[in-house]
Each structure stands twice: as structure tokens, then as C-alpha cells.
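Reading through the C-alpha cells given below for one structure.
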Amino acid sequence: MKLPWYALAAAQIMLLTSMAGEGAWAQGTQEPPPRTVDPRVAATLKAAGLDYSLDDGDFRLEYDVDEGRSQRVWVASGTARIDRLEIRDVWSVAARGKGEVPADLARMLLKENVRMILGAWQVNQSQDEYLVVFSAQVAAAADAATLQEVIEVVMFSTDRIEKQLSDQDTF
């Protein structure tokens, strides 16, 4: 049975993700978390006219969304490399829960991922809680318009699911 290209790509991403947790990348290297902020991000956010604060070396942006809602988005200072490609994460949290992620929520997020053109839903699981996070990668040297577009995709996508999962505006 021949699998479609996107199924193979998803399998490769899952493999890379699982290997990253073990401290190794099949095709690249993960740079250690920065001790200082990446000045490229600061300059790009300034050029885009976006206000931010610093949160443990990453850039945190607070957005006002329609209907009186808000959403926090982070832009990572740290980057990852695959050969000559240098990327950084842009992410936002939609939900937090205790214990293991419920199976119905995991299935819903997988179905949502099919719709996404940029970014993907993920569950960050610790021993006693989980976070539902939407994350997109962007070139580390992205220009102001590109970075702002990725930030806004992450913000709107995350707020939509947060609103669907809860009456509250927590994140």
C-alpha cells in the first residue's frame, strides 16, 4: 500500500519529535536555550510595530482578540537547524488540564491539524498535567511582515480552539 506524501511527512515529523526528546535530531541539531534574547527577533518585532515583553528569554506578545478576548503568543529566541535551514517556534496555549490528555480531545486536535495550512496542534504532557499548544515554525531570519503573519495565524487559531474548549479566556 502506497501512503500519500503527507502521511509520510507526518511520520517523519513524529519520528523527529520523539528523537528530539532524547536530545538528538536525525537531520539537524537543536541549539541550547539562549541565555540572552535573539536581537533579530527584537528588531523584527520593532519593525512590525509589535509590543512584547521578555519571558525567560522568549518574546511574549499580548493580543486583544474580538469579543473582548485576549491571547498570549510566544516567539522563541532559540532556534533549530536542519542543514542550512534555521527555524524558530511561534506558539500559544489553548488549554491546560490535569492528568493525561483525554482521548476525545486528542482526536479533535488531530482532525484540526488536517485543516491547518501553517502550524499544528500538539499536546505537551508532563507527569500530572498537559498543555494544548498551537505551534508554527518560521524562518529565524523572517522579515517583519512574515513574522507578524505567523504570529497572527497562531493567535487566531489558538483563541478559536480555546473558546471552543472553555467559556473562560485563560490564555
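Heads up: numbering here begins at 1 and tracks the sequence.
Annotation: ring-ring contact (aromatic ring centres under 6.0 Å, His included) contacts of Tyr130 (sequence neighbours excluded): none.
Crowding of Asp51 atom CG: a count of heavy atoms from other residues, nucleotides or ligands under 6.0 Å not exceeding 12. Dense packing is recorded around CD of Glu112, with more than 12 heavy atoms of other residues, nucleotides or ligands lying under 6.0 Å away.
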Begin with the C-alpha distance, continue with both residues' side-chain angles, and end with the deciding distance and a verdict on side-chain contact (heavy atoms from CB on, under 4.5 Å) for Asp58 and Tyr52.
CA-CA 10 Å; Asp58 295 322; Tyr52 64 87; over 6 Å; no
TODO: Apply the test side chain to side chain donor-acceptor pair (under 3.5 Å) to residues Glu86 and Thr79: give CA-CA distance (whole Å), side-chain angles for both, the deciding distance (0.1 Å), then the verdict.
DONE: CA-CA 6 Å; Glu86 183 183 15; Thr79 62; 2.8 Å; yes
Discussion item. Between Tyr63 and Glu152, is the side-chain contact (heavy atoms from CB on, under 4.5 Å) condition met? List the steps.
Written reply: CA-CA 9 Å; Tyr63 272 89; Glu152 289 177 3; 4.1 Å; yes
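For the pair Asp143 (side chain) and Thr146 (backbone), a donor-acceptor distance under 3.5 Å is present. Between the Ser77 side chain and the Asp38 main chain, a donor and an acceptor come within less than 3.5 Å of each other. A distance-only check finds no donor-acceptor pair linking the side chain of Glu149 to the backbone of Ala144 [under 3.5 Å]. Using modelled atom types, no side-chain atom of Asp89 and backbone atom of Ala76 make a donor-acceptor pair closer than 3.5 Å.
Between Ser92 and Gln71, the side chains place a donor N or O and an acceptor N or O closer than 3.5 Å (distance only, hydrogens not considered).
Here Arg69 does not pair with Asp64 in a salt bridge; the nearest charged N to carboxylate O distance is not below 4.0 Å. The existence of a salt bridge linking Arg160 and Glu162 is excluded, since no basic side-chain nitrogen approaches an acidic carboxylate oxygen closer than 4.0 Å.
By the 30° and 60° cut-offs, the orientation of the rings of Trp91 relative to Trp74 is parallel.
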